[in-house]
Trainee: 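One structure follows; several queries about it will come next.
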Amino acid sequence: MHASDPLSTVPARLAEEHLPLAATITQRLQRRYPWIDSEDLYGYALLGLTQAARSFCGDRGVSFAGYARVKGGFLAVDAMRQDGLLRRADAATTPATLCWSQYISDGPEGGACEVLDEQSACGHHTVDVHDLVASILGSLDPDDRRLLLMYYADGMTFREIGQVYHLADSTICLRHKALLRRLRRQVAHLDA
């Protein structure tokens with residue numbers, strides 16, 4: 001291969017080395033979107049795999065295979081939405097099937113249909129919540145963040161946390177309560 005050959009780039013090599021992942025992504029997509037032709041799904045899976053290879057950052061402690069299975073699937077669904085195979089479901093609307101007769105020269109009788117992706121609103125809400133939590137936790141001072149992580153992530157008791165900080169468990173309890181009040185005010189301020 002020459003240096004100018006596109007397959008010699010790191011993302012292209014990464015995608016090429018993990019081509020079997022496209023079949024895994026395709027299988028997942030087939031379960032969710034059985035009305036779409038499997039060859040089309042495979043093409044979208046390859047596109048998702050390639051885009052995942054471009055955005056992969058190996059220094060985060062996640063293998064490319066694990067990253068690509070998830071990210072590649074999301075990118076494939078996004079590509080299907082961009083191509084008009086799917087459209088986002090509004091939280092206020094009920095899912096329905098809409099004919100795309102305007103895209104088909106034969107008219108509505110031979111028409112394919114556009115199907116709402118009911119999971120997209122839920123997925124976007126989850127991403128928004130994760131971003132909000134990350135933003136709020138990032139704004140805390142390290143001791144407060146550590147206290148929350150010990151209590152919620154590690155499942156430590158106030159007594160155990162007090163031993164780490166060399167404080168009484170009642171002091172940790174009060175500090176935790178004050179911290180939650182402050183976080184609720186921040187969230188209320190962001191929602192307003």
Side-chain angles (χ1 to χ4, degrees), residues 1-93 95 98 100 103 112-142 145-146 148-149 152-154 183 186-187 190-191:
M1 282 189 216
H2 298 95
S4 63
D5 186 355
L7 290 178
S8 67
T9 64
V10 173
R13 272 199 318 267
L14 195 57
E16 187 177 20
E17 290 168 5
H18 292 86
L19 274 179
L21 284 176
T24 304
I25 295 168
T26 302
Q27 290 172 347
R28 287 184 177 170
L29 293 173
Q30 280 178 321
R31 284 192 298 266
R32 190 167 175 189
Y33 308 108
W35 60 88
I36 299 176
D37 183 60
S38 61
E39 289 181 13
D40 290 340
L41 290 175
Y42 185 73
Y44 285 112
L46 285 173
L47 179 64
L49 179 66
T50 304
Q51 290 174 340
R54 284 190 204 130
S55 64
F56 179 66
C57 184
D59 62 350
R60 295 189 179 174
V62 177
S63 70
F64 176 72
Y67 175 79
R69 268 192 224 78
V70 175
K71 183 73 171 180
F74 288 134
L75 292 169
V77 170
D78 283 344
M80 287 190 289
R81 285 188 188 118
Q82 288 174 356
D83 289 348
L85 291 176
L86 303 172
R87 74 178 186 91
R88 294 193 186 280
D90 248 347
T93 62
L98 306 169
W100 350 317
Y103 299 114
C113 289
E114 175 182 335
V115 179
L116 293 176
D117 183 4
E118 299 170 25
Q119 298 296 319
S120 71
C122 178
H124 275 280
H125 176 71
T126 302
V127 169
D128 291 343
V129 168
H130 283 276
D131 289 347
L132 176 65
V133 169
S135 169
I136 289 173
L137 287 177
S139 71
L140 294 175
D141 85 21
R145 187 174 32 245
R146 185 174 174 209
L148 289 176
L149 288 173
Y152 291 105
D154 298 335
L183 290 174
Q186 280 183 331
V187 170
L190 290 173
D191 286 342

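In this text, all values refer to a predicted model and were calculated from it rather than measured experimentally.
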Trainee: For Arg28, give me all partners under side-chain contact (heavy atoms from CB on, under 4.5 Å), at least two apart in sequence or on another chain.
Mentor: Arg31, Arg69

Trainee: Where is the tightest heavy-atom contact between Leu21 and Ala68, given as atom of each residue plus distance?
Mentor: CD1-CB, 3.8 Å

Trainee: Quick one: ring-ring contact (aromatic ring centres under 6.0 Å, His included) partners of Tyr42, sequence neighbours excluded?
Mentor: none

Trainee: Under the side-chain hydrogen bond (donor to acceptor under 3.5 Å, both in side chains) rule, what pairs show up with a residue in residues 46-55, not counting sequence neighbours?
Mentor: Ser55-Tyr67

Trainee: Can you name the closest pair of heavy atoms from Leu46 and Ala22 and give their distance?
Mentor: CD2-CB, 3.6 Å

Trainee: Taking side-chain hydrogen bond (donor to acceptor under 3.5 Å, both in side chains) as the test, write out the residues that go with Ser38, two or more places apart.
Mentor: none

Trainee: State, to 0.1 Å, how close Thr26 and Ala45 come at their nearest heavy-atom pair, and which atoms those are.
Mentor: OG1-CB, 3.3 Å

Trainee: side-chain contact (heavy atoms from CB on, under 4.5 Å) with Leu149: which residues, sequence neighbours excluded?
Mentor: Arg145, Ala153

Trainee: Which distance, rounded to the nearest 0.5 Å, do you find between the CG of Leu19 and the CG of Leu14?
Mentor: 10.5 Å

Trainee: Mind checking side-chain contact (heavy atoms from CB on, under 4.5 Å) for Ile36 and listing every partner two or more places apart, or none if nothing turns up?
Mentor: Tyr33, Asp40, Leu41, Met80, Leu85

Trainee: Heavy atoms, side chains only, cut-off 4.5 Å: are Leu47 and Leu75 in contact?
Mentor: no

Trainee: Once rounded to the nearest 0.5 Å, what's the spacing between atom CG of Leu49 and atom CZ of Phe56?
Mentor: 12.0 Å

Trainee: Can you name the nearest heavy-atom pair linking Gly72 to Ala52, along with the distance?
Mentor: N-CB, 4.1 Å

